[in-house]
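Each remark here refers to the structure printed beneath this line.
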Amino acid sequence: MPEIADFLFQITSLIRETAAQRLAEWGCGELADGIELERPAISKHGDYSTNIALVAAGRAKRPPRELASQLADDFSAARTLQPLLSHTEIAGPGFINFFLRPAALAGAVQTGITLGARFGSSLPAAPEKILLEFVSANPTGTLHVGHARYAAYGDALRRILEFAGHDVTSEFYINDYGTQMEIFGRTLAARYAQELGLGGKIPDEGYQGEYPRHVAKLIAEEAGDRFAGEMTPEPTPAALSFFRQRGCELVLGEMRAELERFRVGFDSWFSESRLYSSGEAEAAIEELKRAGEAVEREGALWLLTTRYGDDKDRVLIRGSGEPTYFASDIAYHRDKLERGYDRLINIWGADHHGYVPRMKAAFEALAHDPERLEIIIGQLVNLIQMGERRQMSKRAGTMVTLAELVDGIGVDAARFFLVDRSHDTTLDLDMEKAKLKSEENPVYYVQYAHARICSILRKSETGGEAGVETGGEEEPAGATQTAAGGPFSLQPQERELILKQADFPAVVRAAAITRSPQRLTTYARELAAVFHVFYHNCPVLRADPGTAAFRLDLCRLTRYVIARSLDLVGVAAPEKM
RNA sequence: GCGCUCGUAGCUCAAUUGGAUAGAGCAACGGACUUCUAAUCCGUAGGUUGCAGGUUCGAGUCCUGCCGGGCGCACCA
């Protein structure tokens, strides 16, 4: 239920109210609340249409067109709808098509402008306190385009959910505990020793590649030879602990800077190792033991996830006494719930989807509703290099970093490109092609419309051309607009523009509900297209004063909606191009 | 082998969650700048929505079975 009066929502509400009584008469009154207005594909089919007669026909056991006819009469007779509705038609198998009065559409523009920055925002029926966790890259390397995809998607989702009325916290989970960190620390120590000419040896399982060397260099710069005495024959535990910790800090610092450059900020950075220092991990495990959900077997501690549909039980504590990543994750999610969130949304890569059932099972084991955990699986990014499809891999050196992506095509093009396709399809990225074709990125099409509008608005403010020119002479035939207040008609391009603007609040809502930021890029492109057509057919500053004023309002609202649509996916809206 | 997931124009993707004649952008071809920004607009061409059934007034969308791609199936994370 939108907090804010939104034109399409208002009409829909009035249609529902009007239809409710008749539907009840036919024994299907509960259908009224489900009535939705759609934009027909063809303009001849009206401004909006509804299929309610078709839906009701099955229940009422009467021909759909007969029901449509009755409902259409009701709509025409309804006092509340008369200021909005010009007429209705019945078409096809039983669609009811609505044709709106121009004055009503003009009123919608005024409402939108009055709402200003709030236009499109809403208050959902059940606002939620949401924790949105994404990226959460291991602090042992650099961010690549796979992370970039989740960063762009997650951050856009955060913006959209907030604008749609939810209370969202974005969080980055830091895997700074366990085996991988251990190995990373050893790798850094070896690289550090090499920096100092002490000839350290990278462990067998260690990280090859340039990045650890880069981090070790940073440490060498700030620490000098302070640890030189602790490197041979083996790095001391104290030294390893330092390298682990300092390395992690440095990597996270670079990640944070890189993400900020990408316009992705996190409200919270949550450390895995803190779960152990605070005793939370132990507490979670104890709770599971006490509840009889975790048992010792074969020297390890197992969580009995098969009770809740998982394929096999899962180890929490290894025979070696080391807790698994799964144990950490349980403690982590327990902590999230204790922080009072209604819903936990995790964005995971497709390579982790097999992990979902056990995590859900853990919720049940802790007697929490697994529905509160929503895991969004994002498909992976493949690289195309020299015409070959390759999977990204640090070891194979087939990796494109977030930094390279941003340097290559810029933040706006990169974010638009990444969010524009569904997170649910695998994405092929050819960096060479992406660079060559970056000027063809649809983001510029949308930004250009925005810049164009800004240019018109600038000129209107300086009073340059408004009203001084040839009056209505260049108007397309049939224009009969007069100053506000009088009866007028709308050019088809104006009508299209207004109807497209009126879609915006519903687009935001749909994007939020279906977790699809990509709806916004599609919408922004459509709105820009409709505006460009309007621009070519309907002069603004050169129109007569009344028309010019009205069209300037159309421009203002379009500008606002484009800027907001882009902002919701983290893309800038430049005033000049 | 089992599980999850995706197959839509030559390419990259949409399609208001079951609606009317499946739409955009690139790429191709032909037009429009003495004009509020030509990074734009107009037009042409491009499709058995992987295949086969099913559900109903109606299917790209839901169900079943095949085919093909991706990803998983650890006391790794």
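A, B, ... follow the sequence lines: proteins, then strands. Residue 1 opens every chain.
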Taking syn as within 90° of 0 and anti otherwise, name the glycosidic form of B/rC33. syn
Counting only side-chain heavy atoms from C-beta out, which of B/rA20, B/rC75, B/rC13 sits nearest to A/Arg421? B/rC13
Could you let me know what B/rC41 is paired to, Watson-Crick or G-U wobble, both distances under 3.5 Å, or none if it's on its own? B/rG31
Side-chain donor-acceptor pair under 3.5 Å between A/Tyr276 and A/Ser328, yes or no? yes
Could you give the distance separating B/rU48 and B/rA22 at their P atoms, to the nearest angstrom? 12 Å
Euclidean distance for P, B/rG10 against B/rA45 (whole angstrom): 15 Å
Measure from the side chain of A/Ala300, starting at C-beta and using heavy atoms only, and say which of B/rG3, B/rA15, B/rC75 lies closest. B/rC75
Nearest whole Å is fine: how far is B/rC41 P from A/Arg452 CZ? 8 Å
Closest of B/rC6, B/rC71, B/rA20 to the A/Pro40 side chain is B/rA20
Do the side-chain N and O atoms of A/Gln501 and A/Tyr560 include a donor-acceptor pair separated by under 3.5 angstrom? no
Cation-pi, A/Tyr535 ring and A/Arg452 (6.0 angstrom, 45 degrees): yes
Of the candidates B/rC36, B/rU40, B/rC71, the side chain of A/Tyr448 sits closest to B/rU40
What about A/His353: does its side chain form a donor-acceptor pair under 3.5 Å with the base of B/rG3? yes
Would you check if there is a donor-acceptor pair between the side chains of A/Asn175 and A/Gln180 at a distance under 3.5 Å? no
Taking the six-membered ring for Trp, are the ring centroids of A/Tyr445 and A/Tyr448 within less than 6.0 Å of each other? no
When the P atoms of B/rC6 and B/rU16 are considered, how many whole Å apart are they? 15 Å
Which residue, A/Glu38 or A/Ala510, contacts RNA chain B at a nucleotide closer to its 5' end, judged by nearest heavy atom? A/Ala510
With a 3.5 Å cut-off and heavy atoms only, can you find an N or O donor on one side and an acceptor on the other between the side chain of A/Ser422 and the base of B/rA14? no
To the nearest Å, give me how far apart CZ (A/Phe98) and P (B/rA20) are. 17 Å
For A/Arg314, which contact category applies under a 4.0 Å heavy-atom criterion: base, sugar-phosphate, or nothing? nothing
Picking from B/rA74, B/rC41, B/rC36, the nucleotide nearest the side-chain atoms of A/His532 would be B/rC41
C1' spacing across the pair B/rG46 / B/rC11, given as an integer number of angstrom: 13 Å
Classify the nucleic acid contact of A/Asp420 as base, sugar-phosphate or nothing, counting any heavy atom under 4.0 Å across all strands shown. sugar-phosphate
What is the distance from CZ of A/Phe531 to P of B/rC41, rounded to the nearest Å? 11 Å
Which nucleotide, in any strand shown, forms a Watson-Crick or G-U wobble pair with B/rA9, with both distances under 3.5 Å? none
The side chain of A/Lys312 is closest to which nucleotide in this list: B/rA77, B/rG3, B/rC73? B/rC73
Assign A/Tyr355 to base, sugar-phosphate, or nothing according to its heavy-atom contacts below 4.0 angstrom with the strands shown. base
Suppose you measure atom P in B/rU12 against the same atom in B/rU55; what distance do you get, rounded to whole Å? 35 Å
Rounded to the nearest Å, what distance is computed from the CD1 atom of residue A/Ile35 to the C1' atom of nucleotide B/rG19? 15 Å
Quick check: closest heavy atoms across A/Ile456 and A/Cys555, and the distance to 0.1 Å? CD1-SG, 4.4 Å
A/Glu496/A/Arg39 salt bridge by N-O under 4.0 Å criterion: yes
For atom CG of A/Leu497 and atom P of B/rU40, their distance in whole Å: 18 Å
At 4.0 Å (heavy atoms only), tell me whether A/Ala91 reaches a base, stays on the sugar-phosphate, or touches nothing. base
Please give the distance between the P atoms of B/rA24 and B/rC42 as a whole number of Å. 10 Å
Within less than 4.0 Å of OP1 or OP2 of B/rA38, is there a side-chain N or O belonging to A/Tyr535? yes
Anti or syn, where syn is a glycosidic angle within 90° of 0; which label fits B/rU17? syn
Spacing between A/Leu427 atom CG and B/rC71 atom P, to the nearest angstrom: 14 Å
Mapping A/Thr324 and A/Phe417 to their closest nucleotides on RNA chain B, which lands nearer the 5' end? A/Phe417
Contact class for A/Asp313 vs. all strands (heavy atom < 4.0 Å): base, sugar-phosphate, or nothing? nothing
At under 4.0 Å between heavy atoms, what does A/Ile42 touch on the DNA or RNA strands: base, sugar-phosphate, or nothing? base
Using a 4.0 Å heavy-atom cut-off, does A/Thr522 contact any base of the nucleic acid, only the sugar-phosphate backbone, or nothing at all? sugar-phosphate
Could A/Glu293 and A/Arg307 be called an ion pair, given the rule that one side-chain N must be under 4.0 Å from one carboxylate O? yes
Could you tell me the separation between the CG atom of A/Asp6 and the C1' atom of B/rU16, rounded to a whole number of Å? 14 Å
Which of B/rA14, B/rC75, B/rA77 is nearest the side chain of A/Val315? It is B/rC75
Interatomic distance at P, B/rU34 relative to B/rA28, whole Å: 25 Å
Measure from NZ or CZ of A/Arg149 to the centre of the six-membered ring of A/Tyr153, then state whether that distance is under 6.0 Å and the direction lies within 45° of the axis. no
For B/rG65, the Watson-Crick or wobble partner whose two distances fall under 3.5 Å: B/rC51
Using the six-membered base ring of B/rA20, report whether A/His45 stacks on it, requiring centroids under 5.5 Å and planes under 30° apart. yes
Establish whether the base of B/rA32 is bridged to the side chain of A/His536 by a donor-acceptor pair shorter than 3.5 Å. no
If we ignore angles and hydrogens, is there a donor and acceptor under 3.5 Å between the side chains of A/Tyr332 and A/Glu171? yes
With sugar-phosphate meaning primed atoms plus P, OP1 and OP2, does A/Glu36 contact a base, only sugar-phosphate, or nothing at under 4.0 Å between heavy atoms? nothing
Mind calculating the distance between CE (A/Met181) and P (B/rA77) to the nearest angstrom? 14 Å
Separation between the C1' atoms of B/rG30 and B/rC67, rounded to whole Å: 41 Å
Proximal nucleotide (of B/rC6, B/rA15, B/rU37) relative to the A/Gln518 side chain: B/rA15
If pairing requires Watson-Crick or G-U wobble contacts with both distances under 3.5 Å, which nucleotide is the partner of B/rC4? B/rG70
Check this one for me: any side-chain N or O of A/Thr179 less than 4.0 Å away from OP1 or OP2 of B/rA77? yes
Check this one for me: any side-chain N or O of A/Tyr445 less than 4.0 Å away from OP1 or OP2 of B/rC41? yes
At less than 4.0 Å, is any side-chain N or O atom of A/Lys44 found next to OP1 or OP2 of B/rU21? Yes or no. no
Answer yes or no as to whether B/rG19 has its base stacked against A/Phe95, where stacking requires a ring-centre separation under 5.5 angstrom and planes under 30 degrees apart. no
Which nucleotide in B/rA77, B/rC41, B/rU40 has an atom nearest any side-chain atom of A/Val533: B/rC41
Nearest listed nucleotide, side chain of A/Asn97, among B/rA14, B/rA20, B/rG19: B/rA20
